[in-house]
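Written out below as structure tokens is the structure these notes cover.
Because the structure is a prediction, the values reported are computed rather than measured.
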Amino acid sequence: MRPIRLEITGLQSFSKKQIVDFDALTTLGLFGIFGETGSGKSTILDALIFAIFDEIPRTMGNKGKNIRPCLNQDSDILEVYFKFALGKDIFEITRCYKKKFSRKGEEKFEQSNPILILNGDVVADTVKNVESKINEFFGINVNDFTRSVVLPQGKFSEFLKLKGADKMTMLENIFDLERYGTKMSEKIKVRNNKLKEDITSLENQIKGKGDCSLETINNLKTTLSTKEEEYNNLLSSKKELSHEYNELKELKVLFEKLESYIYELQRLDLDKEDINLCKNILSKHEVAQSFKGTIDEITNLKESILNNQTNLLKSKNTLENLNSALENLKDQEKEKQIELDKLILELNNLKVDYIELENLRKGDQYIRSLKFKEKLLEETLKESSSISLDLKSLYEKLKTDNLSLENENNNLQNLGKIDKDKLISLENEIKKLNTDIKLLEEKLKEKNKLEIEIKKETALKDSTVIELESYLKKIENINKQYFESKAFEISKNLIHGESCPVCGSKDHPNPAKEIQSIDTSILDEVSKTKEQLERTIVEIDTKLNYHLEKLSELNELDNIDSLKSELQIKENNINALKVKEKEILENEKELNNKISTLKSNIKNYSSNITQKDSDLNKIKEKSAIYEKEILEERENISLLKLESDSLDFISSRKTLLENMDREYREVSNKKESLDISLRKVRDIIFKDFNAIQTLSLEVISLEEKNNHLKDSYSDKKEWLKIEATKNEFSSIEDILDHILEDNKIKILKDKISLHEMNSIKYQSLKDEVTKSIDNRVFNTDRWNELEETLETLTTQEQNLFKEITEHRGHLSRLEQLALESKELLEKIDKLTLKQDDIITLQKKFEGRKFVKFLARKKLDYIAYEASKRLQKITRGRYILTVDNNCDFNIVDAFNSNFIRECSTLSGGETFIVSLVLALALSSQLQLKGKIQLEFFFLDEGFGTLDATLLDRVIEILEEIGWKEKMKIGIISHVEDLKIRIPRRLEVTPAVPGESGSIIKLI
């Protein structure tokens, strides 16, 4: 990533928009951001992180939480715009939060949709889409970014100091090893539990299939074979009777057809008279239709005569109107010519001397300009006197504020300081305690949920067991009734003196009594419900055992009350420290505000003095220019040689000539308008004359055409009257009445055609059926007897077929269940083998052994890269190493290569080791991203270095910027650094009530 431009509005101490031009700032590679403590230096880094990830980890937490306190109190909007490059692509991103008020007057702070622009095109405009695109193009998250690209306050030595489980968790995240550590162990555990559940489920499925043994299947096959033999015998008997029945049925149908055909022929004879009438109507229509053309011609001629007479009358009226209009137009032409002659005479009397008029206009302008410049000269002289007085007052104020500034600086140096290391240590301990308490509370919630779930499952199991017992009793009662009904069937066939087929006794003193027969389908339905309940109980037992195991794991929890008590003590300690720190900061802030105000006042006074001197010189220059221009204006007036230089005389004479000129133009315009009007009247006269000639010819033509149409109409009408009389038609109306419409003609023809076709059809069918009967006789009694017998056999056939189908279905289900049980056993064997492999793998990943192995390899390389820079800075004294617990140690070459922990380093040494480690870690973490990042930012630590170490660190940073083409930024308040940093930003702190923090490029 290469930053280009950053704009900040309303964030922290920046009330008004401030702009950082990174292109100008980073031209030499190494750059710095300097300013007093609290001026807003770190806020620039916060704005950069916030623009990309919508987070400010240093102050506001994650994903916009607690963003409200980051808003400057003098601003209603928090907005950050960031332009940067990734490779050849240019990105622009804008994030904005606005202060709003509800209808009730309650203040709200809402986020506007962010906008992400790629090479000039908008690629995302919602929070979710922007986040997705940032992940897509960067490939690293905000935690990686703050460890490898920008190092905010509090993050610098985090990687160096962490121990134990926190260290391993951080290593997993940094090196993207989660998939080999926590995630892999969790996947293995989930996979093992899933295999257990699958095996238990398969075993329960086998139990739920019931009895599907080989003996049961063979017994059912024997019963089915007996029923099929009985069914085949019944079909043979039915087939013989069906042949005779079908012959009688065929004869019965023939007699019924013969009767229907005779009835249809009789009905057609009755319709013959009506058919003859239809034929006569059609014949009359054909004769009338032949006269239709002549009648249409006579009608058209009559209409043409009427239309021609109407057109003739219109043409005559139009001709009279045109003659009258032509006379009126000629009168208008004479009037306009007389008026035009008058206007020409008037124009000759209104001519103006334009040279005199132009001189008068210039004279008026020069005199007015002269008076205005004389007035300006007078005002300039007054302003010069006022500025001289202001300068004297400013010099006195400047002297007073310089003395006050010296006193306030002395007071600031005498303020005490708080132990920040102790404060940071307490904050970290409180964070850890809060995390532990939160985890315990979540586990307690999970435990309560499990106890509730166990109670529900126990109650469900009890109710299911009770329901199962009721169904078992039902099955027992149904079986008992079934055996009693079978006993009754046997007792019906017992004969005194003959052996009982069950017990063998020849005496039968107490035979079974008759009871209602049992519907076996009820037994099947109840048995299915019983099996379903048994499967449900097994499933509930499986879930209950799983939940009891989890509950036993959660019972061994730490005492949350002792942790809360410890947290309260630490919070009290840190609150006391913060109160003290707040007092010092308030005093420091108050002094800083006074000093800033005095500095600002001194700067303003100096600036005002410079400005006033400049203004005084400009006023003197203006006075000289005005005097020169006044002389030039007076010379211009004398050159015009006017009768008088009086402004009143010039104005009145100019007004008189301008009025004459305006009147001349008005009369000229009237003349031009009248010329145009006269030409239009003459054009209309010419057009009307031509139209009159054309209409006269048209009237003569229409009169001749009208006479011809009348003669033709009389001849046609006389011929039609003679021909109609010959064909027995009384009039034209009578002819038209006999002409039929097409649909009526079609109806009559279809009716005649249908009658003739049906007569032929039914006579033919009657002859054919009579031939098929061939003198045979239909026996009604035999027909009824066969119908009853076949109906009885059909009922028996259906019942047997139903029994056979049920036996086949039951047999098929038993065979399918036996096959499924076999397949389930094979699946259980395969899953058991997989489970053994998973358990073995689970042991291999216990205690993050694999993650520790991978992390150690990564850390060895990082320590090697960091040691190269560390040796250069420390003149070969220190080397970084990694022990078996993945902790960093220092090898001291100046102390016989003695190995010691990093905690033994001084503050400055800790900063140097953290810096080289961060640089080495940065190159590794940036490899996680999809595009090489060309940017590195430091925000702490330089105040702990002496001058020699500071020089070496700067040399290393300059070398990295030169060799690796990386832009490196430093945030600091150390004045000595300014000398070494060629390009920098100066951040001026906010002045209460006047302005927010201000950024200036040096």
Any side-chain heavy atom of [X] within less than 4.5 Å of one from [Y]?
| X | Y | value |
| --- | --- | --- |
| Gln18 | Ile998 | yes |
| Phe34 | Ile981 | yes |
| Ile33 | Val987 | yes |
| Phe84 | Ile93 | yes |
| Ile44 | Ile971 | no |
| Leu917 | Leu880 | yes |
| Ile1002 | Arg983 | no |
| Ile56 | Cys70 | yes |

First locate atom [atom1] of [X], then atom [atom2] of [Y], and finally report the distance between them rounded to the nearest 0.5 Å.
| X | Y | atom1 | atom2 | answer |
| --- | --- | --- | --- | --- |
| Glu865 | Ile862 | CD | CD1 | 9.5 Å |
| Phe31 | Ile968 | CZ | CD1 | 9.0 Å |
| Phe22 | Leu1001 | CZ | CG | 11.0 Å |
| Asp21 | Thr26 | CG | OG1 | 8.5 Å |
| Leu25 | Thr27 | CG | OG1 | 7.5 Å |

Residue list, side-chain contact (heavy atoms from CB on, under 4.5 Å) with [X], at least two apart or on another chain:
| X | value |
| --- | --- |
| Asp76 | Lys99 |
| Ala47 | Leu6, Ile8, Leu11, Val80 |
| Ala85 | Arg2, Ile4, Ile90 |
| Ile879 | Ser867, Gln871, Val891 |

Subject >> Qualifying residue, where the test is side-chain hydrogen bond (donor to acceptor under 3.5 Å, both in side chains) with Ser997 and the options are Ser39, Ser13, Ser15 >> reply: Ser13
Taking only residues two or more places apart in sequence or in another chain, which ones pass salt bridge (Lys or Arg N to Asp or Glu O under 4.0 Å) with [X]?
| X | answer |
| --- | --- |
| Lys98 | none |
| Arg877 | Asp892 |
| Lys1000 | none |

**OP:** For the pair Arg984 and Glu986, evaluate salt bridge (charged side-chain N to carboxylate O under 4.0 Å, His left out) and give the outcome as yes or no after the intermediate values.
**Re:** CA-CA 7 Å; Arg984 64 183 184 273; Glu986 289 284 354; 3.3 Å; yes
Original post:
With sequence neighbours left out, what residues match Tyr81 under ring-ring contact (aromatic ring centres under 6.0 Å, His included)?
Top reply: none
Subject >> ring-ring contact (aromatic ring centres under 6.0 Å, His included) against Phe14, all qualifying residues, sequence neighbours excluded >> reply: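 ring-ring contact (aromatic ring centres under 6.0 Å, His included) list for Phe14, sorted by chain: empty.
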Original post:
Hey, mind stepping through Thr126 and Asn129 against side-chain hydrogen bond (donor to acceptor under 3.5 Å, both in side chains) and telling me if it holds?
Top reply: CA-CA 5 Å; Thr126 64; Asn129 290 344; 3.1 Å; yes
If you take all heavy atoms of [X] and [Y], which pair is closest and at what distance?
| X | Y | answer |
| --- | --- | --- |
| Phe888 | Ala863 | CE2-CB, 4.5 Å |
| Leu870 | Thr874 | O-OG1, 2.7 Å |
| Ala51 | Phe82 | CB-CB, 3.6 Å |
| Lys622 | Thr380 | CB-CG2, 4.4 Å |
| Pro989 | Glu36 | CG-OE1, 3.8 Å |

Subject >> Non-neighbouring partners of Arg875 that pass side chain to side chain donor-acceptor pair (under 3.5 Å), sequence neighbours left out >> reply: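 Once residues adjacent in sequence are excluded, Arg875 has no partner under the side chain to side chain donor-acceptor pair (under 3.5 Å) criterion.
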Subject >> With sequence neighbours excluded, residues passing side chain to side chain donor-acceptor pair (under 3.5 Å) with Thr9 >> reply: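 Here no residue qualifies.
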With a 4.0 Å cut-off on N to O distance, would you call [X] and [Y] a salt bridge?
| X | Y | answer |
| --- | --- | --- |
| Glu92 | Lys83 | no |
| Glu396 | Lys399 | no |
| Glu621 | Lys618 | no |

Let me check something: any side-chain donor-acceptor pairs from residues 109-118 under 3.5 Å, sequence neighbours excluded? List them with distances.
from   : atom 1 : to    : atom 2 : distance (Å)
Gln111 : OE1    : Tyr97 : OH     : 3.2

**OP:** Could you walk me through whether Asp54 and Phe50 pass the side chain to side chain contact (heavy atoms under 4.5 Å, CB included) test, one step at a time?
**Re:** CA-CA 4 Å; Asp54 198 18; Phe50 174 70; 3.4 Å; yes
Subject >> Full working for salt bridge (charged side-chain N to carboxylate O under 4.0 Å, His left out) between Lys128 and Glu131 >> reply: CA-CA 5 Å; Lys128 188 175 181 181; Glu131 182 180 356; over 6 Å; no
**OP:** Using the side chain to side chain contact (heavy atoms under 4.5 Å, CB included) rule, take Ile970 and Leu30 through it: C-alpha gap first, then chi angles, then the decisive distance, then the call.
**Re:** CA-CA 8 Å; Ile970 295 170; Leu30 185 64; 4.0 Å; yes
